[in-house]
Amino acid sequence: MNLAQPIRVDRPTLPSREPLKAALASYRDGHALPQAFYKDPTIFEHDMMQFIMAHWHCVGHASMVPNPGDYFTAEIGRESIIIVRGQDKEIRALVNVCRHRGSRICTEHVGNARNGLLVCPYHAWTYDSTGALLFARQTPDDFDRGPYALKPVALKVCEGVVFITFAPEPLDFTHVEASFGHAARIYGWADAKVAQRKLFMINANWKLVTENYQECYHCGPAHQEYSRRHIFARPEAQRLPADATMHERDRELGIALTDIDFFARDAQPGSESADCSRSALIAGYRTGSRDGEPVAPFMGEFKGRDYDGGFSFLDVGPTSNFVAYPDYGLIYRTIPLAADKTAYELIWLVDAKAEEGVDYRADEVSWLWDHTSIEDKKIIELNQAGVNSAFFEPGPYTPMESDAARYVDWYIAAMTEFASSGPEDWAL
Ligand code: FES
Ligand SMILES: [Fe+2]
């Protein structure tokens, strides 16, 4: 199977674009989105088909499929994808929809396809780990299995992190390699393993989740533990000197991490959005842990060096965010499920050679961001409850919410283009 071939997507009948056009007409630049963007199921359908599915999304880490036949599934909206390592060691992404009558094939979140075979639980059509249909019970002798391979979607592994896209013509990945890849290489994520995974279900629209992630205006009131450790939660006058000291320390240590910004609309047309930004930890904290002390062995280029007093935020596309400390990493996946339902999955990474119980404890590695995410779930759901009110009126973003404003501006530009386009221009 040639993965370079575009995926065949049966173009769905999209709902009317009139609600979207009306919502766009009432959008005020620099303000939160009008209510319909956070609750209208038809706008959610447009979000999925024209924005989410046109981009790249992190689905996990290559260490989650170490051996041939290992797979995991990833959900995005109503789609489910099988990420499977083949007998040839290659990792592929296959749509989890049987080519017979459409059943889900893999029903477990993580598993091993025995002998590399994926067997549909309905009538047992059997596929190999490239997606080829090998066996279809009691079909005529001349039945041609060739056209019934599982549909592939494009997949890239960047420094061990696995990304997929549904787009027939995927967005260019160069910015991702240049910013995310640059940082993930220095942090050694290609040689990482998963220490812990956790899924949070949130009763809110996905854009309230991503907007919340993109601003730290809420960190002071909502995240006391995070704010105690990260200067990023403070106003610019405090941040700038601390960040300058951290950059100085990076130079002394020979760590070549730099800010690289292709975020949102600053990505060139046709390229995926990606960025890397650095920020200082507050004096006394060497990493994002309960007591500020390391929770796992150094990763990547930090091995044999010292803590730099900082950490990195990395973003790729609209749903994939990452946080990197010298001793552990965090993948933060936003998963839109319905107009009022979103999941986020957190995946913590440590050095592949670190031994659980000896070099690290999963609960210590995950403590800070688990705690922070429980707080985020609460504030995001309160946000949705208020946004649902007949009295809700979008208010202005403040300077500390500039990245959330950039994100919304990017989304609005994409949806405005879609609203005025013909079907031939649609993303899927
Ligand atoms: S739907 Fe999969 S074998 Fe019938
Ligand atoms: Fe938060």
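Counting starts at 1 for both ligands and their atoms, in listed order.
Between Tyr307 and the options Tyr325, Phe298, Phe302, a ring pair (Phe, Tyr, Trp, His ring centres under 6.0 Å) holds for only Phe298.
Side-chain contact annotation: Tyr411 with Asp47, donor-acceptor N/O pair under 3.5 Å present. For the 3.5 Å distance criterion, the side chains of His223 and Thr372 fail to qualify, holding no donor opposite an acceptor.
Using a cutoff of 4.0 Å between basic side-chain nitrogens and carboxylate oxygens, Asp403 and Arg406 are scored as salt-bridged.
Protein atoms that are N, O or S and lie under 2.8 Å from the Fe ion (ligand 2) are these: His218 NE2, His223 NE2, Asp376 OD1, Asp376 OD2. Sorted by chain and number, the protein atoms of type N, O or S within less than 2.8 Å of atom 2 (Fe) of ligand 1 are Cys98 SG, Cys120 SG.
Under the 6.0 Å cut-off for aromatic ring centres, His109 and Phe72 do not qualify, their centroids lying 6.0 Å or more apart. A ring-centre distance under 6.0 Å is not found for Phe135 and Trp125. For Phe180 and Phe163, the ring centers sit closer than 6.0 Å to each other.
Applying the side-chain hydrogen bond (donor to acceptor under 3.5 Å, both in side chains) test to Trp367 and every residue at least two apart in sequence or in another chain returns nothing. Partners of His175 according to the side-chain hydrogen bond (donor to acceptor under 3.5 Å, both in side chains) rule, which considers only residues two or more places apart in sequence or in another chain, do not exist here.
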